[in-house]
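Have a look at the structure below, then the notes.
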Amino acid sequence: MADDGLQYTYSGLTLQPHPWSAAVLEVKAAVEQLAGCAFNSCLLNHYRSGEDHMSWHSDNEPLYGQQPVIASVSFGDTRDFVLRHNIHRTHRLTVPLASGDVLTMSGTTQQHWQHCVPKRRKVLGPRINLTFRNIIRPEGPELALARTLAKSSCLPTIDKQLQVPTTAEHLPNTDRNTKMSGADFELRVQDGGIYWGSERVSIKGVNWFGFETADFALHGLWCTNMLQLLDFTAQHFNAIRLPFSCELALNMDARQPGNIDYAANPELQGLTTGQVVDRFIQECARRGLLVLLDMHRLAAAQDIPELWYSAEYPESAVLQGWKTMVLRYKDCWNVFAADLNNEPHGCASWGDGNLRTDWQLAAARIGAVILEANPRLLIFVEGVERNGCVQPCENCWWGGHIAGAAKAPVALPVEGKLVYSPHVYGPDVFGQPYFSDPSFPDNMPDVWSRHFGFIKQEGHGPAICPGEWGGWAKEGGSDAAWQVKLADWFVEHGITDSFYWCLNPNSGDTGGILQEDWATPHQHKLDIVARAHPNPTKWPQDEVTPAAPAPEDCQVESTVDPAAFGGAPAACAAEPAAAGAEPAAPVAAAVPAAPLSAGEVEVTEVNAWDEGAVRCFQLEAKVTNTGPGPASSMRLRVAAAEELQKAWNATQLPDEGGFWVFDFPDWVGPSGGLAVGANVVVGLIVKGEKPTEFAVV
Ligand SMILES: O=C(O)CCC(=O)C(=O)O
Ligand SMILES: [Fe+2]
């Protein structure tokens, strides 16, 4: 339905709208009041039952303008409305829409997000949905109206009515000037533990990710107020691990954050990414939350690299990024530690003296530069995935293996600063062989001891603070048994510090402390973390030092010339690319050699079950190399269905135009290739809808 004279084009079809009915006009008037703007058209959708659905799409037709406001009203049975980010496909938000709910989407939502109404077998009744939009006429009064709306600062990005109250309490508090100098707060390591003065501390931390992504902003701010979430976090935790990218560190004040709903976060309006980080850290200080800075990725839009540097971000750029970050927050007392590099894996080695891959040596170099900039910080060093491990080499997590430290500890120039920070996960994240041992979970303590716990048993030297652990922990499931076992093992072994993964609900393989509404906690997860850390330390709280945003002071010269240790390789196996002292311009990833072989894929449904109203499937895709040569660049492509929950025996690469793409880990064949005639069985768990198109490319 639409105003007279308007046409509606949908998928190339031009439709002639119906005139407004009295009933719809009545709804329109009410919705215009709520949304604060006028609409000239409405699309009416009838879902006869849960079998009727709407596939993934964005309402980004040019006739709606650049930043359309779309208000959707639901009547009848409740249906899930799911949003996913165009690039980060696992970043999702599910909003159940009940009868009478009004959801508005606006700002850049249609540019960055898709939405759908998935099938729900258990929903039997009908639903009617009215989506009100504003079609721009080539000329005339509506064009002017659309322009005004696009400029209006009060447009929410996604706003389900009655959500996200914002109150004056969250406005910047400018008269608070009680300063605590950074030097007043310092943690030190002694006899394998972290101390605050003479007090042995307990850091009960949680990860909140987002700044490291191409959003350059914490996730969840698209629907939740940052300060309210910090209030929640401070009730249950005393520290936050803050992932960021090297790209962010080098462009703090040149980048604008994305995907923030400024109606929900008015205090962040107009701030650069760097200023949002400043504000976040300052607000953490007000709530007694410590902040662990975590260089989680190099380029924001790319995956976690195997090594701590890349062709695009040579070590000099990484050091510069770290100095910028550390100097900027030097006077923020609650910024207490630096996690040098997230999850070294693949070819990252430990203690073998290979300057291109040896993480033990690199950690010492990066740690020294950070300590020179701020000697107060603790230095968190993660492990590697494989090399340097005990024999026989055992499957471990990215960043999980610090076994090499027994023989080759990281040497830092300041005493009492070294914390080993392994990542450790359970069966929800990847099916390691030791999870199917008949004695599971009682076999786990030995595994943990071999990977990192042995450091603790020595009772002196560096401390251990796992920087990531977590999972769905579904009641009665093996992941819950694993988490409880780990929590108890922490307590038994005096591991009083850790950071749980994660606060965000949009972590595909673990879920979050928060449910998908970004508001309700999963109590069973809070209980597990409380079991691991029953006596978290209470830090100072009320005092805060505003960050010193002095970017000129932070432009520091690198002290290590990467050329001195062979430059930056584009990939582990490749010859090093020449590296300058400045971050190089982006370099296209090495183009894989044309596949030598063809492959076949055979798909079997192993299992199917319902999770609430959502149908879930476990599939196996058997990929066989049919020759003529070994297949080192063979990939599995699957036409993306609704939601991929988990994949094993394969590494998921970024989506390519509607396809999930998987690479095979290099253990499936000698030197990274699948031999002719050999196969690998890739496991997938998908939710909602079963993918049907599989191809080997
Ligand atoms: O039914 C809904 O809630 C969504 C409808 C929709 O996305 C559309 O009409 O474009
Ligand atoms: Fe839509």
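By convention here, the first residue in the shown sequence is residue 1. Remember, it's 1-based here, ligands and their atoms both numbered in the order they're listed.
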Quick note on ligand 1: atoms under 4.0 Å from a heavy atom of Leu43 include exactly 9 (O)

Numbered in order shown, the ligand 1 atoms found under 4.0 Å of a heavy atom of Val117 are 1 (O), 2 (C), 3 (O), 4 (C)

Margin query: Tell me if the aromatic rings of His115 and Phe81 count as close, with their centers under 6.0 Å from one another.
Written below: yes

What do you reckon, are the aromatic ring centroids of Phe209 and Trp501 less than 6.0 Å apart? yes

task: Could you establish whether Arg79 and ligand 1 come within less than 4.0 Å of each other, counting only heavy atoms on the residue side?
output: no

Does ligand 1 have any atom that is closer than 4.0 Å to a heavy atom of Arg133? yes

Checking heavy atoms under 4.0 Å, the part of Asp59 that sits near ligand 1 is side chain

Validate the cation-pi geometry between Arg84 and Trp56: distance from NZ or CZ to the six-membered ring centre under 6.0 Å, angle to the ring axis within 45°.
yes

Quiz question: by atom type and distance under 3.5 Å, do the side chains of [X] and [Y] form a donor-acceptor pair?
{"X": "Trp518", "Y": "Asn506", "answer": "no"}
{"X": "Glu247", "Y": "Asn251", "answer": "no"}
{"X": "Asp517", "Y": "Thr520", "answer": "yes"}

Partner of Phe280 under side chain to side chain contact (heavy atoms under 4.5 Å, CB included), picked from Leu242, Leu227, Leu221, is Leu242

If you scan protein heavy atoms around atom 9 (O) of ligand 1, the nearest is Asn45 ND2, 2.9 Å

Report task. Give yes if a backbone or side-chain nitrogen or oxygen of Ser74 is under 3.5 Å from a nitrogen or oxygen of ligand 1, and no if not. Result -> no

Here the N/O/S atom of Asp59 closest to the Fe ion (ligand 2) would be OD2

Heavy-atom proximity to atom 7 (O) of ligand 1, picking from His115, His53, Gln114, Arg127, points to His115

Out of Tyr47, Trp56, Phe81, the nearest non-hydrogen contact to atom 1 (O) of ligand 1 is supplied by Tyr47

